[in-house]
Structure formats: C-alpha cells, structure tokens
Amino acid sequence: MQAAANPAAFPTEPSPAALLAWYDRHRRRLPWRAEGGARQEPYRVFLSEIMLQQTTVVTVAPYYAAFLARWPDVAALAAAPLEEVLSAWAGLGYYARARNLHACARAVVERHGGRFPETEEALLALPGIGPYTAAAIASIAFERRAAPVDGNWERVVARLFAVKAALPRARPALRALALTLLPPARFGDFAQAMMDLGATICTPRKPACALCPWTEACAARASGAPERYPVKAAKAAKPTRRGVAFLAVRADGAVLVRSRPPRGLLGGMSEVPSTPWEEEQPAKPVVHAPLRASWTALNAPVTHVFSHFALELEVWRAALPAATPAPDGHRWVVPDGFDAEAFPSVMRKVLRHAGSGGE
DNA sequence: AATTCGTGGCT
DNA sequence: TAGCCAAGAAT
C-alpha cells in the first residue's frame, strides 16, 4: 500500500485539520449558516436544528424562512399562540417538535431572560433539546467543545473505523469514537464539516471516496465496500391501520373540523373527524360520525404512510344546510381559512381528494 | 430499552 | 414499487 510507503502524505489516522481544510473549501452555503466564519445567532441555530431533526435541508428551507420572518427572535416566538406555531409547522411532520419548540422559547424567556444558555448541560434541560441539539447549539452558536453526533457523524465514524456492531445499539461506541476526532478549536466548523462530509461525500449510497479528505484513513474504504457501513438492525414491519373520515360540507363550502388531543400522534393538529384508526375497520363507522347526515363514500380511500404504520382512510361525505351548527368540540372552516388551520399532510390529502370530486 | 412520532424524495 | 433515507427527542 502507498500509505505504508509514505505515511506523511497518506495519513492512516483521520486528522481533524484535514477535514477543516476540506470544509474551508467546500462548505455548503445554507440559509441558517453565518457567512465568513462568523458565529450564528443562537436562536437561528436552535430553530434550524429543531427543524432539521430527521428532515432534509430542502424540506426545511422554506419553513425556516417563514418562521424567521414571522418570529424573528425567541421573544417573538414565545409570545405567539401555540395554534399559530402549529399552523406554520403544518406539513413538516413530527409535530411534537413544534410543541416543544414553542415550549422551549417560553422556557428561554422565563428561565433565562430571553438568552439561550451556553452549556450543553443547561441546553439539555430545555424542552425538545436532546443530546444532539444541545451539542449543536453549544458548538455552532457558542463555540463550545461539543460533538453533535447525528446520522452523518455516525455514518462517517462507522466507516472510518469499520464498526461492525449494528445501530442503534452501536450508538454509544460511535459517540466515543467521534469524541476522539474533535479538533483543539473550531468546534462549530468541525461539527458542520462532519455534516457536510456525510451529506455530500460520505453518503449512504455510492460514497464519493475519491473526493474524501479522509479516504486514506478510512477502514471501510480499505475494505472495498464502504457502503456496507454503518450496519443497521432490521426494521419492524409497518402494519396498516384503517378508518373512515367524515367530510361534512356546508352549503357555503365550510368543512367541519376539530382539533386532535394535545399530545400523541398529530397532537394539537386540526383534522376532519373520523373513526379511530385501527387494523380492523370498525363494524359500524357511522356511530362515530360527528352529526346526523346522509353519508356517501368516496370511491377510493386516502392512503398515507406514517413513521410506524400505513393508513387507509375512507372518506364519507355529506352535504349540510348553511345554518347547521357545529357540534361540541367542532368548528366550521371555509376554504379561505384552510391555510390558517394546522392541517397535517394526511388531512390535506383528505380535503384535496374530496375537493377534486373523487367519488 | 424499546416505542412512538411525519413527510416527501429517491432508487 | 416498496423500501430507504433525512442535522433525534420523549417516554
């Protein structure tokens, strides 16, 4: 191997400096990043990191811009009603993030006088901020020594050291290895360099090893099959749940809507009333209807895939007189009001499906 | 420790 | 197409 013949030119250990040098040339310009090596405002790091949890850069970008324009600082977000935050978050998924984002903004105002704490420990105590996000804010916003180990870090580290233990059990070991990589300074840049490396070079499939600053130090690369890392445990199968949604449409076009319970699946979000969603369709769906009406089933069910189950939702529609009052816990919403509602994607499918006359 | 919790894009 | 994947946290 050339590495053995010339260890100075082909280091066998990953050097933090090499990655930082690569980052200085190739770092991505993203809406939530400061320019020219400046520190980013903690609120912007916080907002982006919460949104980016399990969510792609492309998906987050418009939501980040909208939130920042509407709530430019943590005090503004803390002062907003939760319903408005949920409505602005609608479509982004994992809605506990929006509830916790709001709770966290209020906690920062109430407990910390409107300024984010700077240590991982204090950040970790805030709602919605876990080990990753605490380390991300500490390193990127405050230049603290911290390792925000996300999926990118895990993949890079698993490949560098050819870790054969499977995720998620291997997570503590991967974190320990990650800590050995930290540079003596530039912690924020290093954190983002690891993410950029994972996102653009050390990708899940077809990694671009020829372009990697650590290619000579990578055990997975040496094995000839870097894409086999990280090893992952098999995932559980997704069951299908079924239900019936009741689309009551008033003569003026208003649709009958309610809010879901404040926690759990789609917690606090708006929905068309429906039966419970279970693996067995309820024998008599109509007993769950929000009001007496002549229900007509649309031809095809709405299908939607959640994180841990698939849903087949039949839509039953009924026309109601304009004067029909809303039952307790329900409200009528005209189409012009849909955008202000916190409809998750599955409910937008239901409304669109019916609106296009799918019977 | 294992589950719960969304969505859209890509292969 | 059916599965895989994306800057995880809470319980």
Side-chain angles (χ1 to χ4, degrees), chain A residues 27-28 30-33 40 44-64 86 89-101 103-104 123-141 146-156 167-169 171-172 174-175 178 188 190-200 202-206 227 230 232-241 260-269 271 277 303-311 342-349:
Chain A
R27 74 188 184 93
R28 293 179 295 168
L30 299 171
W32 38 87
R33 282 189 177 168
Q40 181 56 283
R44 298 187 182 207
V45 179
F46 159 70
L47 179 61
S48 63
E49 291 299 344
I50 300 295
M51 287 185 166
L52 285 162
Q53 289 167 10
Q54 301 291 287
T55 309
T56 59
V57 163
V58 170
T59 300
V60 164
Y63 284 88
Y64 175 79
L86 290 178
W89 195 277
L92 199 51
Y94 284 146
Y95 298 100
R97 291 184 298 169
R99 304 194 300 269
N100 286 329
L101 178 86
C104 185
L123 288 161
L124 202 48
L126 292 166
I129 297 186
Y132 163 78
T133 306
I137 297 172
S139 59
I140 297 170
V149 180
D150 69 334
N152 290 303
W153 281 62
E154 288 178 350
R155 186 169 56 256
V156 169
L167 283 169
R169 281 185 58 188
R171 190 152 290 141
L174 290 174
R175 174 175 182 76
F190 188 79
Q192 294 173 94
M194 289 289 277
M195 296 177 202
D196 278 11
L197 187 70
T200 65
C202 195
T203 50
R205 283 167 300 202
K206 299 183 180 178
E227 68 280 0
K232 295 195 175 185
K235 294 182 180 177
K238 271 185 194 183
T240 296
R241 298 183 191 174
R260 293 178 61 86
R263 273 174 262 286
L265 182 72
L266 308 177
M269 303 296 285
E271 69 172 358
W277 303 342
T303 62
H304 191 77
V305 180
F306 291 97
S307 49
H308 55 296
F309 67 93
L311 178 65
F343 286 127
S345 290
V346 63
M347 288 301 146
R348 294 197 176 272
K349 282 187 188 176

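Given the structure is predicted, the values throughout are model-derived calculations rather than measurements.
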D196(A) with R27(A): basic N within carboxylate O range, under 4.0 Å:
no
Give the rounded distance in Å between these two atoms: CD of E49(A) and P of dA9(C).
9 Å
Base, sugar-phosphate alone, or nothing: which one does P127(A) contact when heavy atoms must sit under 4.0 Å apart?
sugar-phosphate
When you check the phosphate oxygens OP1 and OP2 of dT4(B), does a side-chain N or O of R263(A) lie under 4.0 Å from one of them?
no
Please work out if W89(A) contacts a base, only the sugar-phosphate, or nothing of the nucleic acid, heavy-atom cut-off 4.0 Å.
nothing
Answer whether the closest heavy-atom distance between the side chains of L197(A) and N152(A) falls below 4.5 Å.
no
Could you check if a side-chain atom of T59(A) sits within less than 4.5 angstrom of a side-chain atom of L92(A), using non-hydrogen atoms only?
yes
Between the protein and nucleotides 5-7 of chain B, list the N/O to N/O atom pairs that are separated by less than 3.5 angstrom.
from, atom 1, to, atom 2, distance (Å)
dC5(B), OP1, L265(A), N, 3.4
dC5(B), OP2, H308(A), NE2, 2.8
dG6(B), OP1, Y95(A), N, 2.9
dG6(B), OP2, L266(A), N, 2.6
dG6(B), O4', Y94(A), N, 3.0
dG6(B), N7, Y94(A), OH, 3.3
dG6(B), O6, Y94(A), OH, 3.2
dG6(B), N1, Q54(A), O, 3.0
dG6(B), N2, Q54(A), O, 3.2
dG6(B), N2, T55(A), OG1, 2.9
dT7(B), OP1, Y95(A), OH, 2.7
dT7(B), OP1, S345(A), N, 2.7
dT7(B), OP2, H304(A), NE2, 2.6
dT7(B), O3', S345(A), OG, 3.2

dA9(C) C1' sits how many Å from L101(A) CG, rounded?
13 Å
Check: S139(A) and F190(A) side chains under 4.5 Å, non-hydrogen atoms
no
Find out whether P131(A) and L124(A) are in side-chain contact, i.e. whether some heavy atom of one side chain is under 4.5 Å from a heavy atom of the other.
yes
Give the intermediate values and the outcome of side chain to side chain contact (heavy atoms under 4.5 Å, CB included) for residues N100(A) and C104(A).
CA-CA 6 Å; N100(A) 286 329; C104(A) 185; 5.8 Å; no
Side-chain (R97(A)) to main-chain (M51(A)) donor-acceptor, under 3.5 angstrom
yes
Which whole-number value in Å describes the distance from R155(A) CZ to dC4(C) P?
16 Å
Is there a side-chain contact between M347(A) and E271(A) in this structure, where contact means two heavy atoms from C-beta onward sitting under 4.5 Å apart?
yes
Once you apply a heavy-atom cut-off of 4.0 Å, does P168(A) come out as touching a base, just sugar-phosphate, or nothing?
nothing
Report yes if some heavy atom in the side chain of V346(A) is under 4.5 Å from a heavy atom in the side chain of L266(A); otherwise report no.
yes
Suppose you measure atom P in dC5(B) against the same atom in dA6(C); what distance do you get, rounded to whole Å?
22 Å
Between the protein and nucleotides 9-11 of chain B, are there any N/O to N/O pairs under 3.5 Å, and if so, what are the atom names and distances?
none

Check every strand shown and say whether L311(A) touches a base, only sugar-phosphate, or nothing at a heavy-atom separation below 4.0 Å.
nothing
If the C1' atom of dA7(C) is compared with that of dG3(C), how far apart are they to the nearest Å?
22 Å
Given atom NZ of K235(A) and atom P of dC5(C), what is their separation to the nearest angstrom?
5 Å
Separation between the P atoms of dA9(C) and dG8(B), rounded to whole Å
22 Å
Base, sugar-phosphate alone, or nothing: which one does T133(A) contact when heavy atoms must sit under 4.0 Å apart?
sugar-phosphate
Find the distance L47(A):CG to dG8(C):P and express it as a whole number of Å.
15 Å
Between K349(A) and R169(A), the residue closer to the 5' end of DNA chain B by nearest nucleotide is R169(A)
What is the distance from CG of N100(A) to C1' of dA10(C), rounded to the nearest Å?
8 Å
Whole Å only: how far is the CZ atom of R171(A) from the C1' atom of dG8(C)?
8 Å
Rounding to a whole Å, what distance do you find between L30(A):CG and dA6(C):P?
16 Å
Gap separating the OH atom of Y132(A) from the CD atom of E154(A), nearest 0.5 angstrom:
11.5 Å
